[in-house]
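Since we're looking at a predicted model, the values are computed, not measured. Just so it is clear: chains get the letters A, B, ... in the order the sequence lines come, proteins before strands, and each one is counted from 1.
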2 protein chains.
Amino acid sequence: MTDQLPRRPARISDVARLAGVSLGTVSHALNHPSRVRPATLERVNDAIRELGFVRNANASTLATGRSSNIGMVAIAFGNSMFVDIARGAQRVARAAGYNLLLAGSEDSYDTQGQFVQFFDEARVAGLLLAPMEDSSEHVGRMASHGRPVVLMNYDGPEDACRVVVDNEQVGYLAARHLIERGCRRITVFGGGDEFQPVQFRRRGIRRAIEEAGNAIEVDAVSTDGLTPAAGEAAVAPIAAAAPGERPDGLLCLTDAIAIGAIRGLRTAGVDVPGDMLVMGCDHNTQSWDGDVTLTTIAMRGLEIGETAMGLLLEELTTPPSEHVHRRVELEPRIEVRASTTPAPARAR
Amino acid sequence: MTDQLPRRPARISDVARLAGVSLGTVSHALNHPSRVRPATLERVNDAIRELGFVRNANASTLATGRSSNIGMVAIAFGNSMFVDIARGAQRVARAAGYNLLLAGSEDSYDTQGQFVQFFDEARVAGLLLAPMEDSSEHVGRMASHGRPVVLMNYDGPEDACRVVVDNEQVGYLAARHLIERGCRRITVFGGGDEFQPVQFRRRGIRRAIEEAGNAIEVDAVSTDGLTPAAGEAAVAPIAAAAPGERPDGLLCLTDAIAIGAIRGLRTAGVDVPGDMLVMGCDHNTQSWDGDVTLTTIAMRGLEIGETAMGLLLEELTTPPSEHVHRRVELEPRIEVRASTTPAPARAR
DNA sequence: TTGAAAGCGTTACCAC
DNA sequence: GTGGTAACGCTTTCAA
């Protein structure tokens with residue numbers, strides 16, 4: 001099959017020599033087959049196969065100045081929304097002849113910057129970025145090098161196209177759901193106020209509460225982080241309160257926190273959903289490993305990815321002078337599950 | 001901040017001119033700062049900053065013939081095990097100064113081949129591959145170009161290092177769990193016999209059944225695919241059977257199928273875990289969106305990723321003549337949840 | 001310590 | 001149609 005290991009890969013010139021044609025002809029055969037006589041083409045292809053030749057994309061990008069690679073850096077693929085986004089973007093990219101390269105920033109702005117730099121150095125055609133905070137600096141760097149950036153899931157001052165989900169509506173839907181299920185005393189649970197989606201969700205929650213008039217009592221408990229462990233730790237006082245003293249609904253600002261909270265409550269003997277309804281907000285299936293399935297809000301990741309890649313491709317094929325940045329907003333949807341469905345009403 | 005958009009990015013020669021040194025000196029400043037006089041270095045760095053210079057990695061890779069990028073292609077990141085693998089690999093790669101680039105083959109051998117080709121063209125240093133079937137062809141191609149490949153989660157004839165989880169043990173643990181929980185009539189549920197992990201799991205199931213003597217009645221139902229929808233469709237006859245006629249335990253060969261099966265059973269009025277215990281096998285949190293939390297087997301993805309990247313880095317730094325391929329096998333662990341925990345025994 | 005110059009593998013333009 | 005040949009931007013060796 002494969003001959004001896006050719007430590008040095010075959011080059012176009014090797015193919016040319018073997019096929020008995022010139023280097024330029026091989027290049028033509030590769031890039032504009034129609035401009036080459038069929039017989040010659042065949043000889044070239046035979047030589048390519050025989051040598052196991054694989055074109056060097058680095059040289060190619062260097063020579064042409066263009067690349068068919070698009071980079072995507074997301075907060076963390078541990079959050080399944082970003083996996084969905086990646087899948088949606090991937091699909092659209094491939095259909096258009098582009099490759100999507102993925103990198104996870106692991107929740108760190110520095111790491112995000114390193115990956116942006118990496119893709120910049122790799123001279124990708126464009127970048128999809130799902131940041132966690134104002135990333136004008138990173139966006140600006142790419143843009144000043146002529147590489148378009150589309151932001152996802154973040155609304156900031158950056159000068160770029162973006163696709164977001166209406167996070168105020170996320171909070172609104174969540175709060176209204178608990179109210180409709182009979183909660184009169186709701187605790188908004190979780191930290192992360194430095195993250196924009198969380199801020200918006202809080203605003204939506206407020207709107208739902210106001211709509212419900214004075215009927216609802218609300219307070220807030222902060223967690224130290226957004227992990228299940230943080231949720232479990234911070235829920236202890238609530239779990240320890242007397243039945244009459246504790247909230248009947250826990251609105252968690254992320255799914256990860258919700259899972260931890262449920263674990264903490266049940267450990268302390270508070271039943272979910274029997275004694276308290278609990279829900280999450282961000283459809284992070286990766287977090288769904290608790291004992292109870294979680295009501296949450298679907299973030300439509302697939303569509304975010306598809307839309308964002310669509311905007312990027314559009315920008316790629318439009319003269320910069322004619323391009324106008326756009327902002328697309330998608331509506332979230334609630335997904336009701338066991339954690340807010342007390343036994344009597346529970347589907348069997 | 002950023003000046004006019006320099007449609008053409010700054011090159012080393014631009015930096016050299018601005019700093020008043022030669023091109024070679026700038027390159028030295030970039031790659032061997034210690035060999036450059038501090039004052040010169042500073043002038044160079046100022047120029048770099050001023051011009052917003054970003055090194056062209058394509059040119060660099062082309063000139064040196066080496067790359068600090070490693071590619072990973074996995075079946076699909078919709079399966080959370082592969083996300084875990086990627087995170088583990090990422091961590092180890094970065095610590096060693098490598099970048100990990102991710103691509104999802106979306107369950108298609110062709111797509112996998114295209115990404116392998118892509119990484120081959122990009123001249124990555126090495127490749128992590130989580131294939132779904134014999135990929136000797138892809139492995140061989142990379143290997144013959146001097147690029148090491150480490151396989152993950154697959155045991156095939158390929159000539160390469162690999163990290164696998166003991167899938168026979170997966171099946172064994174699953175079956176023994178159901179037996180211990182009192183099941184006497186178990187249906188092994190799901191298709192995918194063309195996939196190696198599934199084959200191994202079946203073997204382990206058989207071993208557990210044999211160990212239990214003649215006490216256990218077993219049969220098998222095939223699904224048409226591995227999706228929740230396939231599981232839901234195929235479970236209909238079981239759900240329709242009279243209580244005395246149906247199994248008391250359903251051992252699903254993947255989590256995705258299990259979720260579908262549970263949905264189908266409950267829709268038909270069969271309670272899980274009340275009337276029947278159901279479990280999955282592959283710890284795919286992405287599938288966990290049913291009404292009941294799922295007992296499953298943890299696949300230790302993080303460790304697979306870390307170990308595989310470790311092997312790859314080792315191979316990268318060993319002369320090919322001295323390298324000997326290794327196979328590392330990790331032991332799975334069971335995670336018990338609601339779908340196999342009937343009410344009486346259920347933790348509250 | 002710095003500079004000049006020869007590649008790295010492709011592409012693309014221009015002759016033939 | 002095909003064959004030269006000059007870039008592309010960087011690294012690295014060798015001299016100065």
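- Over its length, the helix from C/dT1-D/dA16 to C/dC16-D/dG1 turns its helix axis by 30°, as judged from the five terminal pairs at each end, rounded to 10°.
- Rounded to a whole Å, the CG atom of B/L51 is 14 Å from the P atom of D/dG9.
- Following rounding to the nearest Å, A/N58 (CG) and C/dG7 (C1') show an atom-to-atom distance of 16 Å.
- For the pair A/V150/A/R162, no side-chain contact is recorded, criterion being any heavy-atom separation below 4.5 Å from C-beta on.
- In this entry the distance linking CG of A/L41 with P of D/dT2 reads 9 Å, nearest Å.
- Following rounding to the nearest Å, B/L30 (CG) and D/dG9 (C1') show an atom-to-atom distance of 12 Å.
- As rounded to whole Å, 18 Å separates atom P of C/dG7 from atom CG of A/N56.
- Put simply, CD on A/Q90 and OG1 on B/T111 are 8.5 Å apart, with the number rounded to the nearest 0.5 Å.
- Side chains of A/Q112 and A/S135: a donor on one and an acceptor on the other come within 3.5 Å.
- Here A/S60 does not reach the OP1 or OP2 of C/dT10: none of its side-chain N or O atoms lies under 4.0 Å away.
- A residue-by-residue look at B/R123 and B/S34 shows that B/S34 has its nearest nucleotide of DNA chain C further toward the 5' end.
- Nucleotide C/dG9 holds its P atom 10 Å from the CZ atom of A/F53, rounded to whole Å.
- By the 4.5 Å heavy-atom criterion applied to side chains, B/T40 and B/V21 are counted as neighbours.
- Counting non-hydrogen atoms under 4.0 angstrom, B/T61 reaches nothing in the nucleic acid.
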Can you pull every protein N or O that's under 3.5 Å from an N or O on nucleotides 12-16 of chain D?
from: D/dT12; atom 1: OP1; to: B/R66; atom 2: NH2; distance (Å): 2.6

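- The separation between A/I12 atom CD1 and C/dT11 atom C1' is 8 Å, rounded to whole Å.
- Between B/L312 and B/G126, the shortest heavy-atom contact is CD2-C, 4.1 Å.
- When side chains are defined from C-beta on, B/R66 does not count as touching B/T61, because their heavy atoms never get closer than 4.5 Å.
- Using a 4.0 Å heavy-atom cutoff across all strands shown, A/S13 reaches no nucleic acid atom at all.
- Atom CG of B/L62 and atom C1' of C/dC8 are 4 Å apart (whole Å).
- Taking CE of B/M142 as the start and CG of B/L129 as the end, the distance is 9.0 Å to the nearest 0.5 Å.
- In this structure, A/R94 forms a cation-pi arrangement with B/F115, its terminal cationic atom sitting closer than 6.0 Å to the ring centre and no more than 45° off the ring axis.
- Here A/R37 reaches the OP1 or OP2 of D/dT2: one of its side-chain N or O atoms lies under 4.0 Å away.
- By the 6.0 Å and 45° rule, A/R91 does not stack over the aromatic ring of A/Y98.
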